[in-house]
Amino acid sequence: MDAPQPGTVHAVLEDFLGHWRGTTRLAASAWGPERTASAEVSYTRAAGGYAVVQSYRHTEADGTHFEGHGVFTVDPDHDDVLWYYVDSLGQPPEAPARCTWQDGVLRVERHSDRGTARHTFRVHDGVLTHTAELRLGASSDYAPFMRLECRRA
């Protein structure tokens with residue numbers, strides 16, 4: 001087995017590296033009405049180039065906030081990008097999710113007993129976009145959940 005080379009992950013995520021500020025739009029859901037929040041996210045090289053750490057935080061108009069932290073790394077046996085993620089909702093972290101990378105778009109589905117979250121990450125024309133859609137319970141359809149749009153700070 002060949003070991004991954006330092007920088008493998010951040011080469012894929014090179015355009016994401018840095019600190020970003022913008023707005024998160026949250027769709028109406030069981031967790032609240034439709035609303036927007038001020039958001040910040042950063043992507044930083046870590047572990048000698050074998051990982052990229054993602055830190056996200058948004059603050060809503062009433063002062064409540066949410067934060068999440070992810071680590072992107074490479075599975076050396078399959079050359080896939082993996083995403084480990086935990087957030088301030090208090091659920092324990094799940095197994096890492098496998099990402100796909102195509103035409104500058106990173107896509108990932110996270111599965112749990114509650115349902116599936118489908119995430120899409122992209123940087124285009126200086127705008128970082130992260131969308132999340134949810135498919136809960138026995139539903140076969142995804143519903144929009146959130147859309148983050150940021151520019152470099």
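Since this is a predicted model, take the numbers as computed values, not measurements. Values below: every heavy atom of this structure, side chains too, minus hydrogens, waters and symmetry copies.
Side chains of Val41 and Tyr43 form a contact here, defined as non-hydrogen atoms less than 4.5 Å apart. Counting heavy atoms from C-beta on, the side chains of Phe121 and Leu13 never come closer than 4.5 Å.
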Would you sort out whether Trp101 and Phe72 count as a ring pair (Phe, Tyr, Trp, His ring centres under 6.0 Å), showing the intermediate values? CA-CA 12 Å; Trp101 178 260; Phe72 293 92; 9.7 Å; no
Assess whether side chain to side chain contact (heavy atoms under 4.5 Å, CB included) is satisfied between Gln54 and Tyr85, documenting all intermediate values. CA-CA 9 Å; Gln54 168 199 41; Tyr85 181 80; 4.0 Å; yes
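The distance from the NE2 atom of His58 to the NE2 atom of His65 is 9.0 Å, given to the nearest 0.5 Å. Atom SG of residue Cys99 and atom CZ of residue Arg107 lie 11.5 Å apart, to the nearest 0.5 angstrom. The OG1 atom of Thr64 lies 7.0 Å from the CZ atom of Arg35; values are rounded to the nearest 0.5 Å.
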Just distance, no hydrogens or angles: give the donor-acceptor pairs under 3.5 Å from side chains in residues 122-136, sequence neighbours left out.
| unit_1 | atom_1 | unit_2 | atom_2 | d |
| --- | --- | --- | --- | --- |
| Arg122 | NH2 | His124 | ND1 | 3.4 |
| His130 | NE2 | His119 | ND1 | 2.8 |
| Glu133 | OE1 | Arg118 | NE | 2.9 |
| Glu133 | OE1 | Arg118 | NH2 | 3.0 |
| Arg135 | NH1 | Tyr142 | OH | 3.4 |
| Arg135 | NH2 | Thr116 | OG1 | 3.3 |

Counting only pairs under 3.5 Å, give me each side-chain donor-acceptor contact of residues 22-30, with atom names and distances, residues two or more places apart or in other chains.
| unit_1 | atom_1 | unit_2 | atom_2 | d |
| --- | --- | --- | --- | --- |
| Thr24 | OG1 | Tyr56 | OH | 2.7 |
| Ser29 | OG | Trp31 | N | 3.1 |

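A continuous path of hydrophobic side-chain contacts links Phe66 to Leu148 [ILVMFWY only; heavy atoms under 4.5 Å]. By the rule that hydrophobic residues join a cluster once side-chain heavy atoms approach within less than 4.5 Å of another member, Trp20 and Val12 end up as members of one cluster. One hydrophobic cluster, built from ILVMFWY side chains closer than 4.5 Å, cannot hold both Leu89 and Tyr84; they sit in different ones.
His69 and Ser55 form a side-chain donor-acceptor contact under 3.5 Å, judged by distance and modelled atom types alone.
For Val86, the side chain to side chain contact (heavy atoms under 4.5 Å, CB included) partners at least two apart in sequence or on another chain are Pro93.
Nearest heavy-atom pair, Glu60 versus Ala37, reported as atom, atom and distance to 0.1 Å: CG-CB, 3.8 Å.
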